[in-house]
**Student:** 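Let me give you the structure first, and then I'll get to my questions.
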Amino acid sequence: MDFIIEAALKAIKHLYQIELTAADISLQETRKEFEGQVTMVTFPFTKFSKKSPEQTGNEIGAYLQNELEEVAGFNVIKGFLNISLTDGFWLNKLDTEILPDDFAVFKPNGKKVMVEYSSPNTNKPLHLGHIRNNLLGFSVAEILAGAGYEVIKTNLVNDRGIHICKSMLAWQKFGNGETPESSGLKGDHLVGKYYVLFDKEYKKQIDELKQLGQTEEEAKKNAPLIKEAQEMLQQWEAGDKEVINLWKTMNSWVYAGFADTYKNLGVSFDKFYYESNTYILGKDIIDEGLKKGVFFRKPDNSVWIDLTDEGLDEKLVLRSDGTSVYMTQDLGTAQLKYNDFQMDSSIYVVGNEQDYHFKVLFLILQKLGKTWAKGLFHLSYGMVDLPSGKMKSREGTVVDADDLMAEMEQTAKLQTEAMGKVEDFGTDEKQQLYHIIGMGALKYFLLKVDPKKRLLFDPNESVDFQGHTGPFIQYTHARIRSVLNKAGYNNAGKAGIQILADVERDLIVSLSQFPEIIQVAAAGFSPAIIANYLFELAKTYNKFYHEKSILQAEDEVLKQFRLQLSAASGKVIKKGMGLLGIEVPERM
RNA sequence: GGUCCCAUAGCUCAGCUGGAUAGAGCAACAGAUUUCUAAUCUGUAGGUCAUAGGUUCGAAUCCUAUUGGGAUCACCA
């Protein structure tokens with residue numbers, strides 16, 4: 001719509017002798033209840049037009065209509081200049097922009113961006129919180145790639161530490177050599193089982209010690225199990241062969257399980273980082289910071305940074321015994337990732353409980369003079385809560401990722417069968433469809449919401465399949481495919497019609513917004529923008545579908561045009577859903 | 001106590017850098033299928049945009065304070 005802004009600038013110069021820039025003019029979509037497609041707000045111009053908003057709008061509108069052949073007419077309501085563009089303009093847009101294969105395809109913009117997400121712990125299976133993380137990360141990566149970025153998806157696996165030792169210890173003590181093969185359990189679930197078991201036994205010991213007169217705090221420290229776990233961690237760090245072997249074995253079980261879950265979720269990674277490798281990093285950055293005077297050493301030899309000027313606290317970056325803390329590792333890992341890829345920006349998809357950590361991390365890197373630090377961004381998202389409160393893996397009060405996905409598929413199956421539309425499908429075909437629909441419902445449910453908001457998930461209230469949902473959009477796509485197939489449509493040439501019905505024009509307007517929507521979503525790292533756009537588009541299509549017959553159109557030219565419009569809508573829906581990581585079926 | 005995030009219809013949420021009478025979906029009610037997939041469409045009803053001030057021609061949106069909810073401020077990760 002740049003040509004309208006340009007013309008408006010000329011109009012204002014001509015009418016009021018004032019030079020404005022494009023930024024001074026705000027265009028918006030015309031609201032449905034008014035005539036027109038584009039609206040200009042004229043209030044700001046009244047200062048120098050010295051006329052009422054209505055008069056100003058009328059003057060500019062008249063000028064535009066005179067100068068631009070694309071402008072069919074205008075009306076002014078309370079200072080809002082609503083501009084109607086000609087059907088010829090919209091049809092031309094359809095022919096030259098929307099229908100060609102390169103619609104909404106962006107050329108590489110030469111920028112490289114890293115998206116780090118998932119970050120699982122190898123002591124337990126993934127749960128609903130991880131699902132939100134994975135879907136967000138994957139979708140943001142797809143959106144950025146779609147907007148022209150080169151994207152590197154990374155996963156920093158938290159594969160060491162005391163929590164891992166807990167699972168290992170419990171397995172050693174109570175496992176009787178159980179393996180995924182012997183038990184038939186998925187590897188990550190098997191390991192998670194022992195993590196929960198550890199906690200149960202640990203609590204028993206705490207209770208026993210409390211009965212003997214210890215305080216809660218003492219009991220937690222003195223319980224034999226926790227001491228053994230700590231010992232195991234030290235052995236691990238010392239490279240004890242037996243411990244390392246056990247660690248490797250159990251981790252391999254978990255990775256096999258994760259690979260399954262990721263595949264089911266439809267997410268993937270280009271590069272894995274492992275904390276067992278990165279936890280030693282960061283010490284040289286500490287030296288660098290000390291030299292530069294960014295850090296300071298306390299008498300007990302611990303190293304700190306003073307962020308009180310920034311309204312934060314003093315923060316420890318190295319322990320007094322010289323070992324790393326979380327921050328040390330993350331400093332080192334950030335440098336490592338930059339050395340590996342030299343990306344222009346880097347997005348960390350991590351829950352909002354770590355807002356403070358990342359604020360500090362980025363600030364430190366800036367203070368250290370890392371030029372790349374300004375490209376770092378923490379994509380923070382709210383926790384997923386259950387009606388019963390927070391999810392806690394240790395206590396087993398979680399919605400397990402694998403279970404949830406299976407349930408969604410089951411629900412999709414029941415709903416689809418009840419409608420009896422796919423009786424001619426083969427068994428595999430059916431299974432695949434249930435997967436697509438079930439996952440579509442789940443993914444859309446999680447992605448349509450602003451990531452910042454915390455999410456309440458009630459497992460008893462199943463995710464909807466009607467209304468503002470993934471299946472609604474999938475259904476619209478299936479419908480389109482069905483019509484196109486019946487018509488034997490194969491990408492015919494240009495639209496041969498001249499005049500548009502309202503629903504047709506609305507649909508073209510909606511389609512034409514897609515490229516900009518991608519850019520806006522990319523700039524804001526927001527799948528929700530895509531999700532909400534697709535819903536609007538699907539609604540607009542369904543309305544068109546309902547009001548206008550396609551196969552029984554009044555004449556062949558009109559039929560071809562409506563098929564083109566349908567094909568374009570189908571393509572945008574498919575591509576848009578792809579940006580969310582959601583597949584669309586040909587039939588459902 | 002400090003800092004950060006959130007608060008819009010009964011429920012789940014849109015509302016982009018301030019713009020028109022605050023919009024959807026679900027649930028409720030009333031309708032639409034001899035015609036391309038009714039997982040659809042049309043309509044009715046539902047609001048002190050947490051509260052109070054301020055800035056502005058104009059505030060759900062920006063600023064300040066208050067209330068409610070959440071997170072965080074570990075020599076845990």
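Quick note on labels: first sequence line is chain A, next is B, and so on, each numbered from 1.
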**Student:** Can you check whether K453(A) has a side-chain N or O nearer than 4.0 Å to OP1 or OP2 of rA7(B)?
**Tutor:**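 So the side-chain polar atoms of K453(A) do come within 4.0 Å of the phosphate oxygens OP1 or OP2 of rA7(B), strictly under.
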
**Student:** Quick check on rA24(B): is either OP1 or OP2 less than 4.0 Å from any side-chain nitrogen or oxygen of K448(A)?
**Tutor:**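 No, outside the criterion.
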
**Student:** Can you tell me which nucleotide in rA77(B), rA20(B), rC73(B) comes closest to the side chain of Y356(A)?
**Tutor:**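 It is rC73(B).
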
**Student:** Regarding N82(A), tell me which of base, sugar-phosphate or nothing describes its non-hydrogen contacts under 4.0 Å with the strands shown.
**Tutor:**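 Base contact.
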
**Student:** Would you say R481(A) reaches rU37(B)'s phosphate, i.e. side-chain N/O to OP1/OP2 under 4.0 Å?
**Tutor:**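 Checking R481(A) against rU37(B): no side-chain N or O falls below 4.0 Å of OP1 or OP2.
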
**Student:** Kindly say if R319(A) contacts the phosphate of rA74(B), meaning a side-chain N or O under 4.0 Å from OP1 or OP2.
**Tutor:**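 False: R319(A) side-chain N/O out of range (4.0 Å or more) of rA74(B) OP1/OP2.
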
**Student:** Classify L455(A) by what it touches in the nucleic acid, base, sugar-phosphate, or nothing, heavy-atom distance under 4.0 Å.
**Tutor:**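 Result for L455(A) = sugar-phosphate.
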
**Student:** Side chain of V483(A), heavy atoms from C-beta onward: which of rU37(B), rG19(B), rA39(B) has the nearest atom to it?
**Tutor:**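 Out of rU37(B), rG19(B), rA39(B), the nucleotide with an atom closest to V483(A)'s side chain is rU37(B).
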
**Student:** Spell out yes or no: do the side chain of T469(A) and the base of rA39(B) have one donor N/O and one acceptor N/O closer than 3.5 Å?
**Tutor:**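 It does not, because no donor-acceptor pair links the side chain of T469(A) to the base of rA39(B) below 3.5 Å.
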
**Student:** Using a heavy-atom cut-off of under 4.0 Å over every strand shown, decide if P53(A) touches base, sugar-phosphate, or nothing.
**Tutor:**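 The answer is nothing, as P53(A) stays clear of every strand by at least 4.0 Å.
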
**Student:** Tell me whether F43(A) is stacked on the nucleobase of rG19(B), counting only the six-membered base ring and applying the 5.5 Å and 30° thresholds.
**Tutor:**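 Ring-base stacking flag set for F43(A) and rG19(B).
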
**Student:** Using OP1 and OP2 only, check whether a side-chain N or O of Y326(A) sits under 4.0 Å from rA77(B).
**Tutor:**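 Checking rA77(B) against Y326(A), no side-chain N or O comes under 4.0 Å of OP1 or OP2.
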
**Student:** Out of rA32(B), rA39(B), rU37(B), which has the shortest distance to the side chain of F465(A)?
**Tutor:**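 From the listed options, rA39(B) comes nearest.
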
**Student:** Counting heavy atoms from C-beta on, name the nucleotide in rC75(B), rG19(B), rU3(B) closest to the side chain of K359(A).
**Tutor:**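 Among the listed nucleotides, the one closest to the side chain of K359(A) is rU3(B).
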
**Student:** Nearest to the D355(A) side chain among rC75(B), rA71(B), rC4(B), which nucleotide is it?
**Tutor:**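 Taking heavy atoms from C-beta onward, the closest nucleotide is rC4(B).
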
**Student:** Taking the side chain of F535(A) as heavy atoms from C-beta outward, which of rG25(B), rC41(B), rU37(B) is closest to it?
**Tutor:**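 Of rG25(B), rC41(B), rU37(B), rG25(B) is nearest to the side chain of F535(A).
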
**Student:** Between rG31(B) atom P and H546(A) atom NE2, what is the distance in whole Å?
**Tutor:**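 Those two atoms, NE2 and P, are 17 Å apart.
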
**Student:** Rounding to an integer number of angstrom, what distance separates rA7(B) and rC16(B) when you compare their P atoms?
**Tutor:**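 Pairwise P distance, rA7(B) against rC16(B), rounds to 12 Å.
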
**Student:** Taking D321(A) for its side chain and T323(A) for its backbone only, find out whether a donor-acceptor pair lies under 3.5 Å.
**Tutor:**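 Checking the backbone N and O of T323(A) against the side chain of D321(A), a donor-acceptor pair under 3.5 Å is found.
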
**Student:** For D159(A) and Y274(A), indicate whether the former's side chain and the latter's backbone hold a donor-acceptor pair under 3.5 Å.
**Tutor:**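 The answer is no, because no donor-acceptor pair under 3.5 Å joins these two groups.
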
**Student:** Please pick, from rA38(B), rU40(B), rG19(B), the nucleotide with the shortest atom-to-atom distance to any side-chain atom of Q466(A).
**Tutor:**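 Of the candidates, rU40(B) comes closest.
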
**Student:** With both distances kept under 3.5 Å, what pairs with rA59(B), Watson-Crick or G-U wobble?
**Tutor:**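 Checking every strand shown, rA59(B) finds no partner, since no pair has both distances under 3.5 Å.
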
**Student:** Can you tell me which nucleotide in rG70(B), rA71(B), rC75(B) comes closest to the side chain of R454(A)?
**Tutor:**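 The nucleotide sitting nearest to the side chain is rG70(B).
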
**Student:** Answer yes or no: side-chain N or O of S320(A) and base N or O of rC75(B) forming a donor-acceptor pair under 3.5 Å.
**Tutor:**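 Result: at least one qualifying N/O pair found.
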
**Student:** If you compare every side-chain N and O of R160(A) against the phosphate oxygens of rC76(B) (OP1, OP2), does one of them come in below 4.0 Å?
**Tutor:**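 Checking R160(A) against rC76(B): no side-chain N or O falls below 4.0 Å of OP1 or OP2.
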
**Student:** Which one is paired to rC26(B), where only Watson-Crick or G-U wobble pairs with both distances under 3.5 angstrom count?
**Tutor:**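 In the structure as shown, rC26(B) has rG10(B) as its Watson-Crick or wobble partner.
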
**Student:** May I ask you to check whether H163(A) and Y195(A) place their ring centres under 6.0 Å from each other?
**Tutor:**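 No, too far apart.
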
**Student:** For the backbone of A528(A) and the side chain of N532(A), can you confirm whether one donor and one acceptor N or O come within less than 3.5 Å of each other?
**Tutor:**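 Yes, because the side chain of N532(A) sits within donor-acceptor range (under 3.5 Å) of the backbone of A528(A).
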
**Student:** Taking any strand in view, what nucleotide pairs with rU66(B) in a Watson-Crick or G-U wobble way, both distances under 3.5 Å?
**Tutor:**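 Paired with rA50(B).
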
**Student:** What interatomic distance, in whole Å, is found between C1' of rC5(B) and the corresponding atom of rA24(B)?
**Tutor:**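 To the nearest whole Å, 25 Å.
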
**Student:** Counting only side-chain nitrogens and oxygens, does K78(A) get under 4.0 Å of the OP1 or OP2 atom of rG58(B)?
**Tutor:**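 No, because none of the side-chain N or O atoms of K78(A) sits under 4.0 Å from OP1 or OP2 of rG58(B).
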
**Student:** Taking the side chain of Y545(A) as its heavy atoms from C-beta onward, which of rU37(B), rA77(B), rC73(B) lies nearest to it?
**Tutor:**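 The closest nucleotide is rU37(B).
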
**Student:** Kindly assign one of parallel, tilted or perpendicular to the pair Y348(A) and F358(A), based on the angle between their ring planes and the thresholds 30° and 60°.
**Tutor:**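 Aromatic pair Y348(A)/F358(A) classed tilted.
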
**Student:** Checking contacts here: which listed nucleotide (rG23(B), rC5(B), rA77(B)) is nearest the side-chain heavy atoms of K452(A)?
**Tutor:**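 Closest of the options to the side chain of K452(A): rC5(B).
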
**Student:** Is there a donor N/O on one and an acceptor N/O on the other, under 3.5 Å, for the side chain of T476(A) and the base of rA39(B)?
**Tutor:**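 By the distance-only test, no, there is no pair.
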
**Student:** Rounding to an integer number of angstrom, what distance separates rG47(B) and rG15(B) when you compare their C1' atoms?
**Tutor:**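 Between the two C1' atoms, the distance is 15 Å.
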
**Student:** Indicate, with a heavy-atom threshold strictly under 4.0 Å, whether K47(A) touches base, sugar-phosphate, or nothing.
**Tutor:**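 No contact.
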
**Student:** Taking the C1' atom in each of rA28(B) and rC11(B), what is the distance between them to the nearest angstrom?
**Tutor:**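 To the nearest whole Å, 12 Å.
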
**Student:** At 4.0 Å (heavy atoms only), tell me whether N121(A) reaches a base, stays on the sugar-phosphate, or touches nothing.
**Tutor:**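 Answer is nothing: N121(A) stays at 4.0 Å or more from every strand.
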
**Student:** Just name whichever nucleotide pairs with rC41(B), Watson-Crick or G-U, keeping both distances under 3.5 Å, else none.
**Tutor:**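 rG31(B) is the nucleotide pairing with rC41(B).
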
**Student:** Where is the tightest heavy-atom contact between Y202(A) and A223(A), given as atom of each residue plus distance?
**Tutor:**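 That closest heavy-atom pairing would be CE1-CB, 3.6 Å.
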
**Student:** Nearest nucleotide by nearest heavy atom, which residue falls closer to the 5' end of RNA chain B, A528(A) or E33(A)?
**Tutor:**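 Taking each residue's closest nucleotide, the earlier one in sequence belongs to A528(A).
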
**Student:** Give a yes/no answer on whether the side chain of K315(A) brings an N or O atom under 4.0 Å of OP1 or OP2 in rU3(B).
**Tutor:**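 For rU3(B), neither OP1 nor OP2 has a side-chain N or O of K315(A) closer than 4.0 Å.
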
**Student:** Name the nucleic acid region contacted by E547(A), choosing base, sugar-phosphate or nothing; use a 4.0 angstrom heavy-atom cut-off, strictly under.
**Tutor:**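 No contact.
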
**Student:** Below 30° counts as parallel, above 60° as perpendicular, anything between as tilted: where do the rings of F514(A) and Y533(A) land?
**Tutor:**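 Rings of F514(A) and Y533(A): parallel, as their planes differ by under 30°.
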
**Student:** Once you apply a heavy-atom cut-off of 4.0 Å, does K559(A) come out as touching a base, just sugar-phosphate, or nothing?
**Tutor:**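 Result for K559(A) = nothing.
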
**Student:** What interatomic distance, in whole Å, is found between P of rC63(B) and the corresponding atom of rC6(B)?
**Tutor:**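 Comparing P positions in rC6(B) and rC63(B) gives a spacing of 11 Å.
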
**Student:** Could you check F544(A) against Y541(A) for ring-ring contact (aromatic ring centres under 6.0 Å, His included), going step by step and ending with a plain yes or no?
**Tutor:** CA-CA 5 Å; F544(A) 156 76; Y541(A) 182 84; 5.5 Å; yes

